[in-house]
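What follows is a short report on a single structure.
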Amino acid sequence: MTAHTFIDGAPETGPAVTPIKPRHQTAHVEVAGQWTLIWHKFARNKLALASGIVIIVMALIGLFAEFLAPALPDASRPQFTNAPPQQLRFFVTNEDGTSSFQPHVTGYTMEVDQASLRRTYVADESVVVPVGFFVQGPAYKMWGFIPTDRHLLGPINASDTMYLLGTDRLGRDLLSRVIYGTRISMSIGLLGVIISLCLGVTLGSLAGFYGGIVDTLIARVIEVISSMPTIPLWLGLAAAIPLTWSPLTVYFVITLIVSLFGWTGLAREVRGRFYSLRGEDFVTAAKLDGSSERRVIFRHILPSLTSHILAVVTLALPTMIVAETALSFLGIGLKAPIVSWGVLLQEAQNVRTIANAPWQLVWPAGAVVITVLAYNFLGDGMRDAADPYES
Amino acid sequence: MPQYILKRVLYMIPTLFGLSLIAFMIIQLPPGDYVTSMIASMQDSGANVDPRQVERLREIYGFNDPIWLQYLKWIGGILTRGDFGYSFEWNRPVADLIWERMGSTLAISVAALLFVWAVALPIGIYSAVRRHSVGDYVFTFIGFIGLAVPNFILALALMYMSYRYFGQSVGGLFSPEYVDAPWSWGKFVDLLAHLWIPIIVIGTSGTAAMIRVIRANLSDELRKPYVITAKAKGLPEHKVVIKYPLRIALNPFVSAIGWVLPELVSGVTITAIVLNLPTAGPLLLRALISQDMYLAGSFILLMGVLTLVGMLISDLLLALLDPRIRFT
Amino acid sequence: MTKPDLGTEGETRDDVALSVENLSLDFKLRTEILHAARDVSFKLRRGKTLCLVGESGSGKSVTARALMRIIDSNGIIANGRILLDDPKGKIDIAQLDERSKDLLAIRGGRIGLIFQEPMSSLSPVHTIGSQIIEALRLHRNMSKAEARAETIELLRQVEIPNPDKMIDRYTFEFSGGMRQRAMIAMALSANPEILIADEPTTALDVTTQAEILDLIKRLQVSRGMAMLLITHDMGVVAEVADEVAVMHYGRIVEFGSVDDIFYEPKHDYTKRLLNSTVKLEQNRRSTKRDSEVGTGKVILSARNLSKLYGASTAWFGGSTHAIKAVDDVSFDLHAGENLGIVGESGSGKTTLGRMLLRIIEPTSGSVMFNGDNGPLDVTKLSKRQLRDYYSEVRLVFQDPFASLNPRMTVRDIVGDPLRVTKKIGGKALDDRVCELLSLVGLDPSTRERYPHAFSGGQRQRIGIARSLALDPKIIIADEATAALDVSIRSQVLDLLLDIQKRLGLSFVFISHDISVVRYFCDRVGVMHRGKLVEIGPTEEICTAPKQLYTQSLISAVPNPDPRNKRMLHRTRFKD
């Protein structure tokens with residue numbers, strides 16, 4: 001016979017839990033909209049958060065390039081070709097042995113090897129080049145229309161030189177060039193991705209919403225384009241740019257080329273999500289509520305897509321940056337006087353240059369790698385946070 | 001199954017057509033034609049150009065035909081005679097020039113693909129099974145770096161390092177003494193000594209991407225109920241992983257040929273230019289810059305075809321691997 | 001507090017195949033530790049069935065899985081013993097090493113497991129045969145040929161037709177019921193002493209459920225196995241259990257013989273569970289208006305509705321067999337009436353419901369709506385005219401999670417139809433939303449919240465409020481209570497009945513669950529393979545069905561009364 005037993009007491013109202021971390025925010029979650037929830041989820045990913053900050057810093061560097069760069073990107077000094085980076089120091093030892101605060105770099109002594117005509121530089125501790133913040137330097141126009149000559153950091157005496165990242169074969173300051181390159185490379189990625197976005201979202205949502213022949217056609221175009229190896233195509237298109245075009249025109253055309261093959265991934269993503277959303281119950285419900293097709297798209301489908309699109313866009317950005325860099329590196333992308341990371345890397349094309357002046361590879365390449373890495377981490381974090389409603 | 005193959009091959013035709021159109025469009029895109037640039041360079045060197053001769057040249061090359069006729073002639077020649085047109089710069093038929101280069105492109109791409117698979121599979125499985133372990137994080141981090149460093153920068157970095165630390169020049173596929181030598185054991189060893197750098201350079205980002213795919217797929221599969229069924233059956237853990245979910249997680253592995261191959265071919269192109277390898281890349285770049293259009297167009301077309309064939313193979317393999325595809 | 005002391009007299013120890021003592025399971029989540037099972041104790045006796053009953057989140061499944069040590073990696077056995085009877089003394093499974101040979105021999109060898117999802121619990125890329133053969137060779141030391149012969153024999157025992165052919169088929173070529181049979185064959189392959197069945201029939205249709213339960217029960221009795229059956233369905237419990245343990249939030253709140261639990265429930269939770277179940281066995285409507293069935297004005301009528309799929313000519317040599325999802329269905333809905341449409345999966349009931357709203361366009365036939373403005377042929381309306389129709393006839397969805405836009409506040413969701421159709425906004429809209437929320441029993445002050453702040457039952461109330469916003473005449477409820485737990489389900493049903501009484505609505509109530517339909521509807525139509533096989537007053541259909549199919553369907557429904565088992569004596573329908 002089975003004994004009949006029971007726990008004497010009222011039924012419990014919830015599962016038994018022991019909190020590990022103190023719970024906060026729970027009171028607000030109920031009235032939190034999608035962006036608040038996405039932000040909470042995103043902020044948990046510290047790596048993505050840090051990457052976001054890196055990207056913002058990069059963008060600011062690009063935005064204030066003229067002010068941040070100690071020199072003009074094209075100012076060359078033939079006496080300092082391929083000069084190695086200098087170290088920024090903060091204290092000078094005075095003649096009486098005491099030290100005092102004075103930011104400075106040390107000078108160079110140069111030796112020329114007569115046989116190979118190769119120059120070698122040695123830091124000369126005795127020459128002190130004082131540097132300071134907000135110094136007057138070469139004149140420039142901020143964003144092309146505010147004339148000024150203030151620079152964040154530079155030699156106090158405008159005729160002195162300071163090469164924190166070294167110089168290139170024409171004796172131009174690499175730090176300034178990398179800073180100006182940041183503006184071009186970051187903006188080309190952004191611009192390219194915006195063009196891709198317009199193409200991708202328009203075509204993707206057309207295909208996803210209307211289906212049928214429109215969809216088949218667009219799907220086939222996407223398939224053809226994405227099955228092409230991109231670099232030969234880029235090469236083909238970029239090589240078609242006439243040499244006579246102005247650097248600015250080339251800049252826009254290169255952006256266009258880069259984005260022309262970047263939109264397929266976006267379009268595919270948008271199309272897929274449109275498809276699945278179109279079948280969602282809440283979209284059917286909206287139709288039954290009497291919403292017009294336009295309202296269904298703009299009020300219900302697109303808001304659900306936005307966060308996903310943002311994530312995909314972020315992940316597409318580095319591809320664009322790498323594409324521009326590669327084309328410029330091969331000499332068929334951007335050309336002087338425009339400065340981009342790719343243009344800088346073009347200088348470092350052969351082993352000899354790299355061996356003599358490795359900084360010409362290290363800094364531009366470092367900028368590319370850090371940016372691409374940061375965009376990838378950021379995009380990953382955004383993708384994971386894009387749907388705050390799945391557990 | 002035969003029906004599936006037929007269907008898949010027929011499906012390729014419109015894609016191929018689109019591909020040839022794009023290739024031809026690129027040929028036609030630069031303003032002017034080869035004769036224009038020839039005249040320009042002749043005038044530069046001070047030669048006198050006879051306008052009638054120019055006309056005759058245009059006639060011979062068919063530059064005066066309407067665009068669609070030029071396309072039909074070009075594609076017709078390829079399909080019926082294997083005639084890819086004429087390289088003006090080399091003064092030889094394109095077909096003579098491309099095959100060897102395409103062969104080495106294919107060889108390096110396939111070698112890189114094998115590298116991708118060989119490295120990505122064990123790491124991917126490890127990362128999925130031991131998720132959130134130290135090893136997993138290390139591999140994930142290296143993978144991210146692999147994804148983030150563009151091919152040509154990696155090539156430059158490796159070149160610099162091997163120059164700096166081994167004093168070895170790494171350009172090309174052979175040391176100078178072997179370039180024109182007949183095949184021998186020594187030449188083969190020399191080839192291997194040169195091949196590893198391009199393969200690592202080309203394969204790294206693909207490997208990193210593949211590790212992520214395998215990790216994501218396998219960890220998804222590992223959470224499925226049939227894995228619990230297999231465990232409940234009394235299978236030891238390593239068998240549970242290898243026999244069931246891995247089998248399914250292999251699908252993206254195989255279908256990866258479809259998306260990894262275009263990337264690899266792209267990678268070979270640019271890496272070859274940096275490392276000076278005798279593949280299609282450097283020749284393509286040169287042809288593009290000098291507007292040697294039939295040569296350039298043929299390369300672009302063939303590289304596209306290469307990836308399409310890769311996709312076809314991956315789809316067929318997928319069908320073999322997964323009965324669900326085979327039966328529908 | 002009475003501790004569930006399960007020590008019993010008058011039984012030899014050999015009877016007990018497995019005993020669980022004070023088992024506690026902890027799961028580490030992101031912000032907290034979930035105590036999924038607390039101090040759980042029970043015994044499994046040879047030849048007997050213990051049912052572990054509870055609603056979702058009660059910890060019944062993890063408890064069962066802990067017996068085989070296959071819980072997720074973030075879970076640990078915090079306390080307790082799992083003693084397996086063995087000739088060499090008792091083995092404590094809780095103490096075994098995760099990778100030890102002993103544990104592997106127990107899994108599948110001495111304890112077999114069947115579980116819920118017949119779709120995903122077998123590997124899709126291996127044949128049925130190879131998966132069973134593998135289990136046999138693991139535990140029974142057989143050659144390949146022997147194992148194959150044995151597998152065919154096992155497939156025959158679980159009543160799979162043509163076992164020698166089916167052994168080489170893949171799972172996706174099997175129906176849900178067939179897969180579950182294959183799964184049973186696999187679980188039984190090593191002759192285990194204990195069988196754990198985790199919701200083995202939840203994903204199946206009632207008639208299939210009856211067959212599978214019947215099969216499991218017969219195999220269990222003939223092999224003398226101890227069985228642990230996990231279910232949320234009190235009907236199933238009454239049909240197969242010998243003993244019952246009721247689980248609630250990780251504790252066994254009541255334990256006893258099936259008769260005790262059903263006839264003398266002691267714990268409040270058990271009573272509540274039984275109350276909401278038994279209630280569904282009655283017809284609340286019939287007690288009130290027995291004679292008025294089907295007398296009001298006809299407000300919606302379907303005539304010869306059909307939907308064909310795949311009829312268009314497929315190129316590339318596809319098959320041109322058209323599937324008739326709905327086949328020539330006609331019925332009338334009277335004002336103030338609840339019409340149930342009942343059928344198993346694939347019977348076409350959902351397609352029918354969606355055709356009434358033209359979310360799916362009918363291939364042929366017509367729908368007439370007889371509103372205040374006279375009769376209207378719905379099948380001939382333009383897109384614009386349809387919008388007016390949509391304010392008269394509303395749909396309540398099955399899935400309370402997918403049917404509410406997670407990115408809109410409750411106010412916007414409920415107010416959306418008012419805004420787009422009635423063009424009202426501001427204070428008027430806000431007032432109406434508050435009124436609607438109170439009507440469905442929700443606090444109007446919660447209207448600024450997002451759906452994720454609400455439970456499944458509350459979300460379904462929000463969906464109902466939305467459907468009521470436009471003062472409709474008819475509500476089509478498509479499996480509106482299927483995703484809810486039993487106790488919530490009966491609350492939502494009562495709410496719907498209450499609203500109907502107040503607003504004078506008519507319902508088309510689509511469901512696979514006959515007891516729900518019986519509780520809710522005046523008349524019932526039974527669908528089978530796209531055809532409406534029988535339609536009539538609910539009590540008549542449920543007690544004296546005329547068609548053989550309906551008889552088999554009704555008799556397959558588990559009866560939540562252990563003294564009056566119905567399913568095992570069911571009418572069988574073969575076609």
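Lettering follows sequence order; numbering is per chain, from 1.
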Original post:
Of all heavy-atom pairs between Ala285(A) and Ser403(C), which one has the smallest distance, and what is that distance?
Top reply: CB-O, 4.2 Å

Subject >> Region of Leu404(C) that comes under 4.5 Å of a non-hydrogen atom in chain A >> reply: backbone

**OP:** Could you go through the side-chain contact (heavy atoms from CB on, under 4.5 Å) check for Ile261(C) and His4(A) one step at a time?
**Re:** CA-CA 8 Å; Ile261(C) 294 288; His4(A) 187 179; 4.2 Å; yes

Original post:
Any idea which of Leu357(C), Asp26(C), Val253(C), Thr421(C) has the most non-hydrogen atom pairs under 4.5 angstrom with chain A?
Top reply: Val253(C)

**OP:** Would you please go through residues 286-293 of chain A and name the residues with a non-hydrogen atom below 4.5 Å from one of chain C, in numerical order?
**Re:** Lys287(A), Leu288(A), Asp289(A), Gly290(A), Ser291(A), Ser292(A), Glu293(A)

Subject >> Note, Asp416(C) side chain near His300(A) side chain (heavy atom, < 4.5 Å) >> reply: yes

Original post:
Does any heavy atom of chain A fall under 4.5 Å from the side chain of Arg38(C), the backbone, both, or neither of them?
Top reply: side chain

Subject >> Listed partners of Tyr269(C) passing ring-ring contact (aromatic ring centres under 6.0 Å, His included), at least two apart >> reply: His248(C)

Original post:
With sequence neighbours excluded, what pairs up with Phe262(C) under the ring-ring contact (aromatic ring centres under 6.0 Å, His included) test?
Top reply: none

Original post:
For the candidates Phe397(C), Phe401(C), Tyr389(C), Tyr249(C), which exhibits the highest count of non-hydrogen atom pairs separated by less than 4.5 Å from chain A?
Top reply: Tyr249(C)

Original post:
So which heavy atom on Ser304(A) is nearest to which on Asn405(C), and how close?
Top reply: OG-OD1, 4.5 Å

Subject >> Results of side chain to side chain donor-acceptor pair (under 3.5 Å) for Asp471(C) - residues two or more places apart only >> reply: Arg432(C)

Subject >> Under 4.5 Å from any heavy atom of chain A - which part of Leu29(C) >> reply: backbone

**OP:** Please step through side-chain contact (heavy atoms from CB on, under 4.5 Å) for the pair Arg299(A) and Val420(C), ending with a clear verdict.
**Re:** CA-CA 11 Å; Arg299(A) 183 99 172 91; Val420(C) 293; over 6 Å; no

**OP:** Taking atom OH of Tyr263(C) as the centre, report whether more than 12 heavy atoms of other residues, nucleotides or ligands fall under 6.0 Å from it.
**Re:** yes

**OP:** Answer yes or no: are there more than 12 heavy-atom neighbours, outside Lys28(C) itself, under 6.0 Å from its atom NZ?
**Re:** no

Original post:
In Å, rounded to the nearest 0.5 Å, how long is the span from OG1 of Thr5(A) to CD of Glu254(C)?
Top reply: 7.5 Å

Subject >> His267(C) to Phe6(A) - nearest heavy-atom pair and separation >> reply: N-CD1, 4.4 Å

**OP:** Please round to the nearest 0.5 Å and tell me the distance separating atom CZ of Arg354(C) and atom OG1 of Thr284(A).
**Re:** 6.0 Å

